[in-house]
Each structure stands twice: as structure tokens, then as C-alpha cells.
There are 2 protein chains.
Amino acid sequence: MSADSVAKVVLVDDHKLFRKGMVELINGFKGYEVIWEANNGKDMIGKLTFSQKPDIALLDINMPEMDGYETAGWLKEHHPEVKVLALSMNDNEDSIIRMIRAGAKGYILKDAEPTELRLALHDLSTKGFFYSELVSGTLVNSLNRGPEGGKSQAAPLTDREKEFLKLACSELTYKEIADQMCLATRTIDGYREALFEKLHVRSRTGLALYAVKHGLVEI
Amino acid sequence: MSADSVAKVVLVDDHKLFRKGMVELINGFKGYEVIWEANNGKDMIGKLTFSQKPDIALLDINMPEMDGYETAGWLKEHHPEVKVLALSMNDNEDSIIRMIRAGAKGYILKDAEPTELRLALHDLSTKGFFYSELVSGTLVNSLNRGPEGGKSQAAPLTDREKEFLKLACSELTYKEIADQMCLATRTIDGYREALFEKLHVRSRTGLALYAVKHGLVEI
DNA sequence: TGGGGGTACGGGGTTTTTCCCGTTTCGGAG
DNA sequence: CTCCGAAACGGGAAAAACCCCGTACCCCCA
């Protein structure tokens with residue numbers, strides 16, 4: 001893409017009003033144009049097959065159906081030339097690291113200044129990446145916390161674990177969860193222990209809060 | 001306000017990018033102008049003293065410092081002529097009812113169509129209210145669930161209860177919470193029971209999820 | 001052909017949560 | 001002045017959550 005042409009942007013976010021607002025904002029930036037939008041990752045994949053391919057994909061993280069992490073991973077595999085900019089509510093380390101791992105070339109917060117968004121789009125277009133202080137600070141921080149600091153995050157959850165996690169975010173007892181999943185309560189104990197380990201929490205409350213914070217469950 | 005003048009709108013939301021996008025969107029509607037913005041309720045109150053008074057206040061619900069409910073209540077008391085339109089992520093009954101109780105003249109979701117926002121602004125300007133199907137459906141629903149359906153929501157929490165609730169949204173045991181609040185564990189039992197009753201939950205997990213869902217704690 | 005990961009399960013234990021039965025104290029409303 | 005609600009506290013007990021000790025099967029893959 002040459003420097004004086006228009007960069008084609010797609011917006012993937014499940015909040016329509018936010019999306020429409022962002023379209024106005026981005027189309028107001030000289031040199032950028034939102035060519036189409038999607039509600040979530042699945043929607044985006046569907047539209048990609050019969051629409052123009054974008055230069056930049058602006059991905060929200062918390063979305064139903066297919067979230068930002070998965071979507072970024074899919075783009076990395078199938079369309080690595082599309083540059084992903086993550087757009088998130090929260091600045092927690094895990095999210096940033098997971099997103100960068102999934103191939104995002106930048107990460108900005110939903111309460112950033114419009115000028116930061118503009119700068120991010122510019123850097124993505126020209127340099128191919130936008131590593132703000134937030135991102136670089138986070139990465140340095142995670143590395144400085146010992147040799148295993150970098151790998152401690154983002155242990156992937158199995159399907160069964162995700163299923164259990166959703167049920168744990170409720171007022172069901174573990175016994176009731178076991179019944180719903182057609183398992184012994186002891187097996188549920190196993191899933192709980194595995195998730196405590198993977199997510200670095202010590203209680204069911206911690207489990208539920210983690211799940212909500214990271215968009216693993218709808219609330 | 002006459003029909004052919006421009007309605008003055010203020011936007012109160014803690015996410016800057018969303019806000020800026022909404023400004024573009026609303027300013028794009030003929031007959032509406034965003035005259036200023038605020039980060040949260042406190043910020044709005046501060047700006048109101050030395051800025052133009054709006055016709056319409058678009059209030060997000062989940063905000064730090066001073067949330068949408070409190071802000072709507074404050075406006076109802078101090079500037080009842082300002083028409084409040086609530087802008088929320090979630091469509092749960094409690095939020096809608098609380099917001100309407102607090103004086104909101106309308107309630108729309110962040111994933112509404114821009115045309116719905118426009119219609120809401122129009123109705124607010126001309127009729128003074130905008131009760132969408134979401135709102136009226138919810139209100140009818142809540143009344144049909146028995147005579148006490150209407151009053152069951154929105155039992156106000158005391159300061160101490162809010163304090164306890166925040167601490168309950170953590171991995172602290174009740175014993176540790178008691179120590180932090182300088183209380184006996186039995187007293188904590190009392191708060192837990194009171195909140196179970198008020199918030200209609202049966203477990204600590206339910207407590208935490210309720211608090212997050214309704215923006216009573218930052219996460 | 002052995003190891004590793006995912007899944008599923010048993011027994012026995014401690015700690016925490018939940019739920020009862022109560023009491024006192026204090027300040028404000030009737 | 002008396003009643004009421006709120007905040008604070010106690011003892012005891014059942015249920016749930018949490019944490020160990022393990023086993024076994026299947027599948028993939030090096």
C-alpha cells in the first residue's frame with residue numbers, strides 16, 4: 001500500500017452504536033476509510049469471502065460468538081497481511097499479552113484519545129505496527145517478573161474447561177454443575193483445580209471474576 | 001425549545017473513543033448538537049456550573065466516580081428540565097427500572113441502530129420521553145410478576161454494604177474481609193445475609209456477578 | 001513403544017461458606 | 001418515651017468448597 005493511497009479499515013465490534021461512531025471518527029481521518037463492519041469474528045470471516053480485503057482490522061476483544069483473540073489468530077493464519085489493531089476496554093496484562101501473541105500489531109484502549117487512534121492507524125499503515133507505552137511497558141513488566149513471567153499467561157483452556165467455567169459463573173453448586181455436565185463431582189474437582197492453576201486464582205469467586213473480566217463468559 | 005431550533009446535547013461516558021464517535025454521530029443528525037462532554041457524573045456536575053445547560057443528557061450507566069443512576073437522580077433534583085437518556089450495555093430489568101426510577105426519560109442500548117438513537121433524541125425533544133419496546137416491555141413484565149414485582153428491585157445499599165460488596169468481589173475469605181473492615185466475622189455474616197436478600201442471590205459467586213453486572217464494582 | 005495431555009473417577013480430609021438460634025446499643029420517628 | 005431499624009456481635013451446625021492421596025483409559029506423536 002503506497003503512502004498516499006487510502007488505507008482500507010474494517011471494524012469488528014458487537015456494539016453497533018460504538019461501531020457507527022467509530023466509523024464517523026475514522027472516516028473523518030484523512031487517508032483512512034472504513035470499507036465494511038462486522039458484529040464479531042464469525043461475521044467478519046463470512047464477510048471477508050465476498051468483500052474487499054482490508055489493510056487494517058480493528059478488533060474488539062470482548063465479543064460473542066468469536067472473540068478478538070480467536071479472530072486475531074484466524075487472521076494471522078489465513079490473512080497475515082491484514083494488520084490487526086486490538087481495541088479493548090481493559091488494560092490488564094493478560095489481555096494485552098494474549099492479543100499480541102495472537103498476532104495483533106497494536107493495542108489501544110477504548111478511552112484513548114482520538115489522536116492516539118489516528119497515530120495507531122498511521123503507524124500500522126507505515127511501519128506495520130503500533131507499540132504504545134502501554135504495550136511495551138506491559139511486555140517489559142511481564143519479562144522482568146522472572147524467567148517464567150513471559151510464559152505464565154495464556155494457558156489455553158480446553159472446550160470442557162470453558163464449558164465448566166461458564167457453569168461456574170452461576171449460583172449452581174459443583175454438585176449441580178456435575179449433574180448438568182453428566183460427570184462425577186470428583187471430575188468437577190479436577191476441572192476446578194486445573195482452572196485455579198491456569199488462571200492463577202484460589203476460589204470460585206476468583207474464577208467467576210476472571211471469566212467476566214476476560215470476556216470468557218457473557219454477563 | 002421550539003421544533004426547528006437545535007437541541008443541545010451533552011454526553012457523559014468514561015470511554016473517550018466511544019464518546020468522540022458518538023459526538024460525530026450525533027452532530028451528523030440534523031437538529032442536534034453536542035455542546036460539551038464529561039467523563040462521569042462528577043465531571044458533568046462540575047462542567048454544568050460554568051457551561052451551557054443542555055436540553056438532553058446522554059448518560060452511560062457504568063462509570064467510575066459517579067454512575068448513571070446517581071447522575072440521573074442528581075439531574076432530576078437540580079435540573080429537572082434536562083431530559084435524561086440512558087445509554088447502557090445491558091438490557092437487564094433491574095438496570096432499566098433503576099434508571100427510569102432515577103428519572104431517565106428513555107433507555108437505549110449501546111448496540112442499538114443509529115436510527116433508534118436518532119428517534120430517541122427526536123422523541124425526547126418533542127414528546128419529552130422515549131419509551132421503546134425494551135423499556136415498556138420490561139416495565140409491564142415486572143408488574144406482571146406479582147404485586148411486589150414493582151418494588152422488589154433497587155433496595156438501596158448502605159455505605160457499609162457497598163464497602164463489604166467490593167471486598168466480597170475478591171479472593172479474600174470472609175474472615176479476612178472482617179479483619180480489613182475491623183469487624184467480627186459474625187457481623188460480616190449479617191452483611192452477606194442482607195445483600196443476599198436485597199440482591200436476590202444465594203451465594204458469594206452470585207454476589208460478585210451481580211456487583212460486576214450492575215457496575216457496583218470496577219473490574 | 002513410551003510419554004504426554006485430555007478426560008474421568010475414588011477416598012478421605014480441612015477450611016470456608018451458609019444458615020439457623022439469639023443479644024446489645026444507638027439514634028431517629030411517631 | 002417507646003418502638004423500630006441499623007449496626008454490631010455470639011454459638012452451633014450443616015453444606016459447600018477446597019485440597020490432598022491416588023487410578024485408569026484413550027489418542028496422538030515422536
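Letters A, B, ... are given to chains in the order of the sequence lines, protein chains preceding strands, and every chain is numbered from 1.
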Contact letters for nucleotides 8-13 of chain D, in which S counts primed atoms plus P, OP1 and OP2 and B counts the base, heavy atoms under 4.0 Å: SBBB--
May I have the step-by-step check of side chain to side chain contact (heavy atoms under 4.5 Å, CB included) for B:Met44 and B:Thr71, ending in yes or no? CA-CA 8 Å; B:Met44 184 203 72; B:Thr71 311; 3.5 Å; yes
Take atom CG of B:Leu167 and atom C1' of C:dT16, then tell me their distance rounded to the nearest Å. 17 Å
Apply side-chain hydrogen bond (donor to acceptor under 3.5 Å, both in side chains) to B:His15 and list each qualifying residue two or more places apart in sequence or on a separate chain. none
If I take atom CZ in residue B:Phe164 and atom C1' in nucleotide D:dA6, what distance separates them, rounded to the nearest angstrom? 16 Å
What residues, two or more places apart in sequence or in another chain, satisfy salt bridge (Lys or Arg N to Asp or Glu O under 4.0 Å) together with B:Lys166? none
Taking CD from A:Glu193 and C1' from C:dT14, how many angstroms apart are they, rounded to a whole number? 14 Å
Give a yes/no on whether any side-chain N or O of A:Thr158 is located under 4.0 angstrom from OP1 or OP2 of C:dT7. yes
Inter-end axis angle, the helix from C:dT1-D:dA30 to C:dG30-D:dC1, with every axis fitted to five base pairs (rounded, 10 degrees): 30°
Nearest whole Å is fine: how far is C:dT16 P from A:Arg192 CZ? 14 Å
With sequence neighbours excluded, tell me which residues meet salt bridge (Lys or Arg N to Asp or Glu O under 4.0 Å) with B:Glu77. none
Among residues at least two apart in sequence or on other chains, which ones pass salt bridge (Lys or Arg N to Asp or Glu O under 4.0 Å) with B:Lys16? A:Glu113
With sequence neighbours excluded, what pairs up with B:Glu163 under the side-chain hydrogen bond (donor to acceptor under 3.5 Å, both in side chains) test? B:Arg160
Looking only at side-chain atoms of B:Tyr174, point me to the closest of D:dA16, C:dC19, C:dT17. C:dT17
Starting from P on C:dC19, measure out to CZ on B:Arg202 and report it in whole angstrom. 9 Å
Interatomic distance, A:Glu161 CD vs C:dG6 C1' [rounded to whole Å]: 9 Å
Separation of C:dT15 atom C1' from A:Arg204 atom CZ, nearest Å, is 17 Å
Donor-acceptor contact below 3.5 Å, side chain B:Arg19 vs main chain B:Val12: no
Throw together a table of side-chain donor-acceptor distances under 3.5 angstrom for residues 57-69 of chain B, partners on residues two or more places apart or in other chains.
residue : atom : partner : partner atom : Å
B:Asp67 : OD1  : B:Tyr69 : N            : 3.1
B:Asp67 : OD1  : B:Glu70 : N            : 3.0
B:Tyr69 : OH   : B:Ser95 : OG           : 3.3

According to salt bridge (Lys or Arg N to Asp or Glu O under 4.0 Å), who are the partners of B:Lys42, at least two apart in sequence or on a separate chain? none
